[in-house]
Amino acid sequence: MIILDGKKTSQELKEEIAADVAVLRQQGKKVPHLAAVIVGNDGASLTYVSSKVKACEQVGFQSTLVKLPEDTTEEALLDKVKELNANAEIDGYIVQLPLPRHIDEEKVLLAIDPKKDVDGFHPANFGRMALELESFIPATPYGIMQLLERYDIDTQGKHAIVIGRSHIVGRPISILLSQKGKYANATVTLAHSRTTDLKTLVLQADIVVSALGIPNFVNADMVKPGAVVIDVGITRVSDADAPKGYRIVGDVDFDQVAPKASFITPVPGGVGPMTIAMLLKNTLLARERSEV
Ligand code: NAD
């Protein structure tokens with residue numbers, strides 16, 4: 001069994017990105033600039049956004065954190081989005097989700113200029129991705145594809161099952177795995193909350209991508225020996241012994257499943273760090289594309 005080390009792989013990716021930034025700097029060119037907008041004070045969202053901003057510093061990007069109060073109106077947020085669209089200094093930006101209930105998320109995502117949509121959530125990018133055209137691929141599925149590539153995992157003709165059909169993970173990774181390509185060409189089953197007899201389906205799969213957010217949902221009885229197991233789940237579970245009072249737990253019962261798997265991602269340290277690295281990669285791409 002080989003652990004798919006997202007921490008190490010994301011570090012390598014960041015070093016590659018930092019080297020590209022150094023070249024831009026040497027050439028006297030503008031370095032990539034990522035902005036992140038956060039509305040409100042949700043603890044988990046603040047943690048995610050600050051780790052994204054910190055990652056920008058690590059690779060030599062410029063970054064701007066736009067912190068707006070919880071009671072920001074939809075109109076004010078849309079004005080901020082317009083401002084970021086028009087600001088030539090900003091190559092890409094993200095609006096951290098979830099937004100407060102009084103703001104229509106869809107309206108906000110649709111207002112983002114697709115050329116700056118480094119999260120890849122705008123329908124223009126999603127559609128282009130599905131059609132195998134140049135786009136921004138959402139960071140989490142992009143990170144999973146990078147892990148498969150960098151560990152040279154054979155996906156050709158394999159049966160992959162994706163559990164969870166969210167627009168940001170399950171649906172896009174099911175599309176990417178089924179596309180043409182050396183680290184794709186899989187036959188994909190997309191499972192969700194209405195799927196019947198999931199265990200039988202997962203047992204048939206050579207590749208399991210779990211993105212549902214239920215701790216230890218995937219156990220050893222469900223996994224075929226030799227399967228590749230990608231755990232996207234991130235759930236905070238209270239733990240009085242942990243320094244922060246909680247632990248991060250994945251969807252896969254790692255201790256049980258790891259001995260049966262050929263490759264497996266740990267949680268934490270698997271898909272999570274890859275997500276941040278791919279956001280940086282998308283920002284670098286946005287910077288490069290803004291030149292042509
Ligand atoms: P979501 O929370 O929007 O939806 C969950 C999905 O799971 C739904 O499509 C639902 O149909 C499916 N589901 C629920 N119960 C099911 C069941 N019993 N059987 C089969 N399918 C079932 O999905 P999301 O936003 O993709 O998040 C999923 C998990 O991934 C969460 O834990 C989230 O925190 C995590 N996540 C991690 C990263 C990362 O960087 N590692 C990024 C995004 C999301």
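Counting starts at 1 for both ligands and their atoms, following the listed order. Quick caveat, the model's predicted, so the values are computed rather than measured. Side-chain atoms are counted along with the backbone in the values below, which use heavy atoms only and exclude waters and symmetry mates.
- Atom 27 (O) of ligand 1 is not flagged as protein-proximal [any protein heavy atom, distance under 4.0 Å].
- Among protein heavy atoms, the minimum distance from atom 8 (C) of ligand 1 is reached at R165 N, 4.0 Å.
- Annotation for ligand 1: atoms under 4.0 Å from non-hydrogen atoms of I163 are 20 (C), 21 (N).
- The nearest protein atom to atom 37 (C) of ligand 1, hydrogens excluded, is given as V232 O, 3.0 Å; this is a heavy-atom distance.
- The proximity of D251 to ligand 1, defined as any non-hydrogen pair under 4.0 Å, does not occur for either the backbone or the side chain.
- Between the side chains of S135 and N125, no donor-acceptor pair is found at a separation under 3.5 Å.
- The hydrophobic cluster containing I38 does not contain F121, counting ILVMFWY residues as joined when their side-chain heavy atoms lie under 4.5 angstrom apart, directly or transitively.
- Residue-environment remark: NZ (K224) exceeds the threshold of 12 foreign heavy atoms within 6.0 Å.
- For the residue pair Q156 / N185, a side-chain donor-acceptor distance below 3.5 Å is found, with atom types taken as modelled.
- To the nearest 0.5 Å, the span separating CZ on R236 from CD1 on I234 amounts to 9.5 Å.
- Using a 4.0 angstrom heavy-atom cutoff, A191 does not count as in contact with ligand 1.
- Proximity to S166 (heavy-atom distance under 4.0 Å) selects the following atoms of ligand 1: 3 (O), 9 (O), 23 (O), 24 (P), 25 (O), 26 (O).
- Here OH of Y93 is found 8.0 Å from CG of D117. Values are rounded to the nearest 0.5 Å.
- In the hydrophobic cluster analysis, where Ile, Leu, Val, Met, Phe, Trp and Tyr join through side-chain heavy atoms closer than 4.5 angstrom, M129 is grouped together with L148.
- Close contacts between ligand 1 and G272 involve ligand atoms 40 (O), 41 (N) [criterion: under 4.0 Å to a heavy atom].
- Looking from atom 16 (C) of ligand 1 to the surrounding protein, the closest heavy atom is L212 CD1, 3.5 Å.
- Applying the 4.0 Å criterion to heavy atoms of T275 picks out, from ligand 1, the atoms 39 (C), 40 (O).
- Given atom 29 (C) of ligand 1, the protein heavy atom at minimum distance is G213 N, 3.7 Å.
- Using a 4.0 Å cut-off between heavy atoms, T195 makes no contact with ligand 1 at all.
- More than 12 heavy atoms of other residues, nucleotides or ligands lie within 6.0 Å of CD in Q27, so this atom counts as buried by the packing criterion.
- For atom 11 (O) of ligand 1, the nearest non-hydrogen atom of the protein is S193 N, 3.0 Å.
- Which parts of ligand 1 touch I168 is read off a 4.0 Å heavy-atom cut-off, strictly below it: atoms 25 (O).
- At the shortest separation from atom 34 (O) of ligand 1 among protein heavy atoms lies I234 O, 3.1 Å.
- Atom numbering of ligand 1 starts at 1 in the shown order; those under 4.0 Å from a heavy atom of A211 are 6 (C), 7 (O), 28 (C).
- The side chain of T140, and not its backbone, has at least one atom closer than 4.0 Å to an atom of ligand 1 (non-hydrogen atoms only; side chain from C-beta on).
- For the atom pair CG of D231 and CD1 of I144, the computed distance is 9.5 Å after rounding to the nearest 0.5 Å.
- Taking only nitrogen or oxygen atoms, main chain and side chain alike, F217 does not reach within less than 3.5 Å of ligand 1.
- Between H33 and S63, the side chains place no donor N or O within less than 3.5 Å of an acceptor N or O (distance only, hydrogens not considered).
- Side-chain atoms of Q96 and K52 include a donor-acceptor pair closer than 3.5 Å.
- In the displayed structure, E106 atom CD is contacted under 6.0 Å by at most 12 heavy atoms of other residues, nucleotides or ligands.
- Near H192, meaning under 4.0 Å from any of its heavy atoms, are these atoms of ligand 1: 11 (O), 19 (N), 20 (C), 21 (N), 22 (C).
- Heavy-atom contacts of G164 reach the following atoms of ligand 1: 6 (C), 7 (O), 9 (O), 12 (C) (cutoff under 4.0 Å).
- The closest approach between any non-hydrogen atom of G170 and ligand 1 is not below 4.0 Å.
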